[in-house]
Amino acid sequence: QVQLVESGGGLVQAGGSLRLSCAASGRTFSNYAMGWFRQAPGKEREYVAGISWSGASTYYADSVKGRFTISRDNAKNTVFLQMNSLKPEDTAVYYCVASPLRSSFLTGDYDKGYWGQGTQVTVSS
């Protein structure tokens with residue numbers, strides 16, 4: 001089992017930046033594809049970004065492409081989401097997820113994965 005703890009959320013003005021972190025413990029971190037989802041009130045959960053076990057490959061939703069960057073540090077068991085040029089529509093609870101399926105970072109299939117508790121990101125206009 002993998003335990004995930006997100007941090008770095010908060011309130012920021014439109015155009016600003018935030019960096020989310022997700023610290024993992026438990027099983028070998030480098031064996032897992034990692035991703036970030038978000039969910040805004042009244043909206044469906046959205047797959048935002050994913051990264052392969054090695055960090056060599058990434059995926060981004062069109063809504064964040066060019067503004068968000070996902071990265072990971074396997075030595076520190078941590079995955080990051082750098083969010084720049086934030087917009088009010090980025091406001092949501094952001095969840096970190098780990099999957100033992102290496103293709104998950106591309107497919108967005110984390111049904112067999114482990115989820116963090118979420119961190120709130122609020123972007124004011």
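Values below: all heavy atoms of this structure, side chains included; hydrogens, waters and symmetry mates excluded.
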| Are side-chain N/O atoms of Asp109 and Ser104 paired as donor and acceptor at under 3.5 Å? | no
| request: Tell me, please, which residues at least two apart from Ser103 pass side chain to side chain donor-acceptor pair (under 3.5 Å). | output: none
| said: Side-chain heavy atoms nearer than 4.5 Å, only ILVMFWY residues, links allowed to pass through others: does that put Leu18 and Val123 together? | reply: yes
| said: On a heavy-atom basis, which atom in Ile70 and which in Tyr60 lie closest, and how many Å separate them? | reply: N-OH, 2.8 Å
| What pairs with Arg102 under salt bridge (Lys or Arg N to Asp or Glu O under 4.0 Å), at least two apart in sequence or on another chain? | none
| Val93 and Gly118: which non-hydrogen atoms are nearest, and at how many Å? | CG1-CA, 3.9 Å
| When rounded to the nearest 0.5 angstrom, what distance separates OG1 in Thr69 from CZ in Arg19? | 10.5 Å
| query | Under the side-chain contact (heavy atoms from CB on, under 4.5 Å) criterion, do Met34 and Val97 qualify, and how do the steps go? | reply | CA-CA 6 Å; Met34 299 296 297; Val97 59; over 6 Å; no
| request: Locate the shortest heavy-atom distance separating Gln120 from Thr91; write the atom from each residue and the value. | output: NE2-CG2, 4.0 Å
| If you take all heavy atoms of Val121 and Gly9, which pair is closest and at what distance? | CG2-CA, 4.2 Å
| Tyr110: what forms a side chain to side chain donor-acceptor pair (under 3.5 Å) with it, not counting sequence neighbours? | Tyr47
| note | Taken to the nearest 0.5 Å, the spacing of Leu106 CG from Leu101 CG works out to 12.5 Å
| Is Asp62 salt-bridged to Lys65, cutoff N-O under 4.0 Å? | yes
| task | Report the C-alpha separation of Asn84 and Ser17 in whole Å, then their side-chain angles, then the decisive distance to 0.1 Å, and conclude whether the side chain to side chain donor-acceptor pair (under 3.5 Å) test is met. | result | CA-CA 4 Å; Asn84 298 329; Ser17 299; 2.9 Å; yes
| Checking Arg72 against Phe29: charged group under 6.0 Å from the ring centre and within 45 degrees of the axis? | yes
| field | Non-neighbouring partners of Glu89 that pass side chain to side chain donor-acceptor pair (under 3.5 Å), sequence neighbours left out | value | none
| Got Tyr114 and Gln1 here, is their nearest side-chain heavy-atom distance under 4.5 Å? | yes
| message | Side chains of Leu20 and Thr119, heavy atoms from C-beta outward: is any pair under 4.5 Å? | response | yes
| query | In terms of hydrophobic clusters joined by side-chain contacts under 4.5 Å, are Phe105 and Trp36 together? | reply | no
| Closest heavy-atom contact between Ile51 and Ser71? | CD1-CA, 3.6 Å
| query | Can you name the residues that form a side chain to side chain donor-acceptor pair (under 3.5 Å) with Asp111, not counting sequence neighbours? | reply | none
| Parallel, tilted or perpendicular: which fits the ring planes of Phe37 and Trp115, with parallel below 30° and perpendicular above 60°? | tilted
| field | Contact list for residues 42-60, test salt bridge (Lys or Arg N to Asp or Glu O under 4.0 Å), sequence neighbours left out | value | Arg38-Glu46
| request: Drop me the distance from Leu81's CG to Cys96's SG, to the nearest 0.5 angstrom. | output: 9.5 Å
| request: Check whether Val79 and Tyr95 end up in the same hydrophobic cluster, where Ile, Leu, Val, Met, Phe, Trp and Tyr are linked by side-chain heavy atoms less than 4.5 Å apart. | output: no
| query | Taking atom OG of Ser30 and atom CH2 of Trp53, what is their separation to the nearest 0.5 Å? | reply | 7.0 Å
| In Å and rounded to the nearest 0.5 Å, what is the CZ to OG distance from Arg67 to Ser85? | 7.0 Å
| Would you say Leu86 and Val48 are hydrophobically clustered, going by side-chain heavy atoms of ILVMFWY under 4.5 Å? | yes
